[in-house]
Each structure stands twice: as structure tokens, then as C-alpha cells.
Amino acid sequence: MLWFFFCVAILILGYLIYGKIIEKIFVINPKRQTPAYQINDGVDYMPMSKTKIWLIQLLNIAGTGPIFGPILGALYGPVAMLWIVIGCIFAGAVHDYFCGMLSIRHGGATMPYLAGKFLGRPVKVFINVLALVLLLLVGVVFVASPAQLLGTITMDVLGASQGALQLGDAEAVHQAIEAGGIKVWGMAKATVVAVWTVIIFAYYILATLLPVDKIIGRIYPLFGALLLFMSVGMVYGLVSAHLSAADPIEFFRTVNADGQGLTWDKFAQNFQVKGDVPIWPLLFLTISCGALSGFHATQTPLMARCAENESEGRFIFYGAMITEGVIALVWCMVGLAFYENPQALQDAISAGSPSKVVYDSSLHFLGFIGGIFAVLGVVVLPITSGDTAFRAARLQLAEIFNIDQRSLPKRLMIAVPLFVLGYFVSTVDFSILWRYFTWANQMTAMVMLWTAAAYLYRYHKFHWVASIPAWFITTVCATYLYYNKIGFNLDYQLSVYLGFATTVLCILLFFTLLKPLGERDEEAYVNTTNL
């Protein structure tokens with residue numbers, strides 16, 4: 001238990017100390033007018049309070065990543081928690097901060113524009129395509145996962161309340177529903193899920209088209225309350241179960257079959273029950289949101305367009321990522337404690353994906369009613385990422401084709417084809433496409449970190465804070481591509497060597513091809529507050 005709270009404390013200290021160092025390296029300019037005031041189109045650019053922006057940023061970037069990823073990562077053992085803490089402080093939060101601040105500094109620009117400016121046009125073309133594919137996949141998939149959970153909740157709650165079973169008997173209700181013994185308003189579970197899918201898709205359309213303060217700015221505080229309840233509730237459930245005299249569930253029970261507790265050796269041990277699943281590089285792609293995620297680079301410019309002052313950047317961008325890291329730690333801990341051994345955790349995931357772990361653990365720790373509210377807190381995360389995924393895709397396409405987005409007809413010009421494409425993609429079997437998603441996500445993170453490093457290097461700043469994380473994730477992505485079946489399917493040891501060799505090549509190209517842009521970034525010293 002102490003190790004878990006120690007990790008949370010390290011994340012908080014990371015925000016207070018390392019976040020401040022990153023802010024000083026960037027050199028903020030509180031006297032420079034932000035895009036929220038410079039452009040202020042009443043749709044995508046408008047000033048909002050930093051607290052509201054922080055909450056929206058957190059909900060935008062989270063998705064199911066900081067929940068499902070850490071649950072899957074728990075299969076590797078306690079080393080997953082180390083990656084969350086170290087990755088979040090030194091890579092993920094740095095990635096998000098520089099993406100947000102560079103966007104503010106360049107008129108609310110998207111990540112592909114920034115990559116093109118500091119790394120060159122070929123990189124911009126590549127990342128434009130990769131980011132659009134990533135956004136489309138996220139938007140579509142983040143319809144399916146909340147629809148499934150909402151369908152389960154609807155059947156359990158309303159099916160029970162119709163008198164078929166007692167409300168408190170959650171397991172019996174669930175089994176009866178799966179067996180087809182309960183319907184809601186004459187609908188089986190598959191139909192209920194389909195209805196929720198339509199409702200969520202309709203919400204996405206509205207959130208993509210309407211001004212950011214009309215739906216997103218108003219409904220997100222409610223979603224934030226559910227998220228807070230879920231996070232605090234699961235910590236309470238873990239602690240109370242740990243202290244229970246009747247049926248204690250110890251922290252790290254899943255990896256404590258030998259009764260030795262949490263030892264240092266277990267941090268280097270791979271607890272995967274499946275064969276041929278090495279920690280390097282797979283862990284660092286399994287847990288992305290909560291440690292380092294390229295999807296954040298597609299979402300962060302949305303809130304950069306609403307920031308009132310550059311001094312708010314550390315709280316909004318670095319702080320939201322640290323908060324996501326805390327959420328990831330909570331669910332990683334659930335994966336490491338709720339089941340008796342790694343095989344039981346793997347069996348639960350195989351039976352119903354990580355959503356089964358979420359549902360079962362929430363109901364166990366918090367009871368039926370509390371568990372339902374906790375699951376709703378999980379549901380809001382993919383919804384609040386899916387809506388802004390389509391919005392970010394619209395804005396990226398508008399930037400590519402230089403289409404002004406002040407008027408509704410011009411927004412529809414992009415949004416209608418986008419949603420039509422999204423509908424057709426949603427009918428495709430993702431079993432093949434989704435294998436590439438994790439790699440594409442971390443590839444996007446890699447490009448953003450190289451972009452941040454290039455900005456710092458070309459303005460003679462301390463670029464190592466971005467360069468070293470860029471080298472790390474480059475090696476991860478390259479090794480994965482060489483080793484995995486979706487790539488070259490090479491021998492593991494050879495893939496590791498080639499991964500490191502690829503990174504060395506990228507480093508040489510970085511220092512050889514990039515030239516200084518000036519002694520300093522002049523935008524850090526201008527005064528435009530009175531313009």
C-alpha cells in the first residue's frame with residue numbers, strides 16, 4: 001500500500017519540481033497575447049478559465065487508455081507502475097507541455113504544422129496522414145467501448161428494477177442478461193448497445209460542429225465529477241479491502257503468490273502468462289495514456305486555442321498529464337491486486353476484455369450502486385476523447401486546406417464527409433487495423449518529442465529534456481516494428497539491435513540536418529497584451 005501512495009507522491013512532486021524546470025527551459029511570456037484573444041472566432045478560439053481548460057484537457061486526453069492500458073500492463077507485473085511514474089514525469093508531461101505551448105506560441109497550430117516548421121515538410125506530410133488516421137480510429141473506437149459499458153449498465157439496472165431479480169444481486173442479474181433472460185423495453189442487450197451507439201454518435205456530431213463553449217464547456221464539469229468519483233472511489237475501495245478483517249485483498253496480491261510481498265526482484269520479473277511477450281518494447285506500447293501518448297498531441301492544440309495566458313500552460317498541459325498518470329496508477333493497482341494471480345487476471349481479460357475487470361472490480365469494491373457510478377466515470381473518458389477526436393480531425397483538415405471555420409456551412413463541408421467515412425470505418429473488422437493503432441499512437445508521440453527537441457535545439461535551449469525521451473520512444477517504436485508480426489517479424493535479439501541502430505541514425509540526422517533559427521525565440525520577449 002505504501003508503494004502505491006509513494007508513486008502518487010512522486011507524480012505530484014514531478015509536477016511541482018520538474019514541471020517548473022520545463023517551464024523555465026521553454027521561457028514563458030505572460031505579456032504575449034494568446035490565440036484565444038488574437039483570433040477569437042467564437043467557435044474554436046475563445047478565452048476560458050484555466051480550471052475549466054484543465055478539466056477539458058484531462059477529459060480530452062484520457063479516453064480508456066489510462067484505464068485499459070494499465071490493466072493490460074499489470075500482466076507484466078510491478079514494472080508497469082515504474083513506467084507510469086517515470087514515463088509520465090519525464091516523457092508524457094514534457095510531450096504535452098511543449099505541444100500545448102508551441103501551439104499557443106504559433107497561433108493555435110496543430111502538431112503537424114509544428115513538426116513541419118521545426119523538422120521539415122516531409123515530416124509534416126507524414127504526420128498529417130498518421131494523425132488523421134489516428135483521430136479517425138480513436139473517434140470510431142471510442143463510440144464502441146462506452147456503448148458496450150452503457151449497454152451493460154442499462155441491462156443490469158433497468159432489467160433488475162423490472163422485478164426479474166433483486167437489484168443487489170449484480171452477478172445473478174448479469175448472468176441472466178448474458179443468457180438472454182432479461183430484456184429492457186422489449187430490447188435484448190445487442191439492441192440496447194446499438195441504441196447507445198447511435199446516441200453517442202449523435203453527440204459527437206454536435207460536439208464537433210458547435211462552438212467549444214456550448215456543449216464541451218458546459219457538460220464536461222458533470223463528466224469531471226463522475227471521473228473524480230471513480231478515481232477517489234477506487235482508491236477507497238482498494239484501501240478498505242486491504243484493511244478488511246473479513247476478506248482482505250492485499251495490494252499487489254496478484255504477484256504475491258510466493259508470499260514474499262513486493263520485493264525488488266519482482267520489478268525486473270515479467271509476470272506475463274503468455275509466452276514470448278517481452279517487457280521491451282511491448283510494455284511501453286501497452287501503457288501509453290498515463291505515461292506517454294501521441295494521441296495527446298492531436299488534442300492539446302484544442303485547448304491551446306482557449307488559454308488566456310502562457311503562464312497557465314504548466315497547470316493545464318503538464319498538470320493534466322500528471323493527473324492522468326494518477327488515474328493510470330489506480331487502475332494498474334487494481335490489476336495487481338484484485339485477482340489472486342496473473343493467470344486469473346489474464347482469464348478475466350480474455351473473457352471480456354479489460355472492461356470486465358473494470359466492471360467486476362468496481363462492483364466488488366463499491367457495491368452495486370457505487371460500482372455503477374464508478375463505471376460511469378470510466379464511460380465518460382472515451383466519450384470525452386471521441387468527441388474531440390472528430391473535432392481535432394475537422395480542424396486539422398481545415399488547416400491543411402485553409403478553410404475558415406467561423407461559419408457552420410464551412411464546418412459542415414469538412415464534418416459531413418468525415419462522419420460518413422467514420423461510419424463506414426465503424427463497419428470494418430478492426431482485428432487487423434487495431435494492431436497498428438498502438439504503434440501509430442507512439443509514433444505520433446515520437447514525432448512530437450523530436451519536434452520539441454528541434455525547437456529547443458534550434459533556439460539554443462536545453463534540448464535534452466525532450467531529446468532523451470525522443471530517443472527512448474524511437475527505439476521502442478523501431479524495435480516493435482522490426483520484431484512484431486505486423487512489421488518485419490524478425491528475430492527478437494536482432495530487432496533490439498536494429499531498434500537501437502535506427503535511433504542512432506535519427507540522432508545523427510537530427511544534429512547534421514537541423515540548423516539554428518536564431519539566438520533566441522523572440523516571441524518569448526514581445527509585449528502584445530495592449531494590442
* With sequence neighbours left out, write down each residue that passes ring-ring contact (aromatic ring centres under 6.0 Å, His included) with W54, or none if nothing qualifies. => F315
* Other residues, nucleotides, ligands: >12 heavy atoms within 6.0 Å of E340 CD -> no
* Asked: For the side chain of Q442 and the backbone of F284, is there at least one donor-acceptor N/O pair under 3.5 Å apart?
  -> yes
* Asked: Can you name the residues that form a side-chain hydrogen bond (donor to acceptor under 3.5 Å, both in side chains) with T254, not counting sequence neighbours?
  -> none
* Do M333 and P70 touch side chain to side chain, with heavy atoms closer than 4.5 Å? -> no
* Worked check of side-chain hydrogen bond (donor to acceptor under 3.5 Å, both in side chains) between T110 and Q396 -> CA-CA 7 Å; T110 60; Q396 188 170 322; 5.3 Å; no
* Structure fact -> Residues passing the ring-ring contact (aromatic ring centres under 6.0 Å, His included) test with F365, sequence neighbours excluded, are F338
* **Close side-chain approach of L336 and V255, heavy atoms under 4.5 Å** => yes
* **Side-chain donor/acceptor of E324 to backbone N/O of G290, under 3.5 Å** => yes
* To do: Please answer whether the main-chain N or O of R406 pairs with a side-chain N or O of R411 as donor and acceptor at a distance below 3.5 Å.
  => yes
* With a 4.5 Å limit on heavy-atom distance, are the side chains of V358 and F68 in contact? -> yes
* Kindly assign one of parallel, tilted or perpendicular to the pair F251 and F4, based on the angle between their ring planes and the thresholds 30° and 60°. => tilted
* Residues in ring-ring contact (aromatic ring centres under 6.0 Å, His included) contact with F419, at least two apart in sequence or another chain -> F201, F390
* Among all residues two or more places apart in sequence or in another chain, which pass the ring-ring contact (aromatic ring centres under 6.0 Å, His included) test with F5? -> none
* For the residue pair W439 and C477, what are the closest heavy atoms and their distance? -> NE1-O, 3.3 Å
* To do: Give the intermediate values and the outcome of side-chain contact (heavy atoms from CB on, under 4.5 Å) for residues T300 and S103.
  => CA-CA 8 Å; T300 298; S103 181; over 6 Å; no
* Structure fact -> Minimal heavy-atom distance between L134 and T444, with the atoms involved, is CD2-OG1, 3.7 Å
* To do: Apply salt bridge (charged side-chain N to carboxylate O under 4.0 Å, His left out) to R314 and list each qualifying residue two or more places apart in sequence or on a separate chain.
  => E23
* Asked: Taking only residues two or more places apart in sequence, or in another chain, which ones meet Q272 in a side-chain hydrogen bond (donor to acceptor under 3.5 Å, both in side chains)?
  -> none
* Could I get the full list of side chain to side chain contact (heavy atoms under 4.5 Å, CB included) partners for L366, not counting sequence neighbours? => M234, Y236, A374
* Measure the shortest side-chain to side-chain distance between L226 and F373 over non-hydrogen atoms and say whether it is less than 4.5 angstrom. => yes
* Among pairs that include at least one residue of residues 374-387, which meet side chain to side chain donor-acceptor pair (under 3.5 Å), considering only residues two or more places apart or in two chains? -> Y203-D387, Y220-D387
* **salt bridge (charged side-chain N to carboxylate O under 4.0 Å, His left out) against R391, all qualifying residues, sequence neighbours excluded** => D44
* Asked: Of all residues at least two apart in sequence or in a different chain, which pass the side-chain hydrogen bond (donor to acceptor under 3.5 Å, both in side chains) check with T298?
  -> none
* Taking only residues two or more places apart in sequence or in another chain, which ones pass side-chain hydrogen bond (donor to acceptor under 3.5 Å, both in side chains) with Y15? -> none
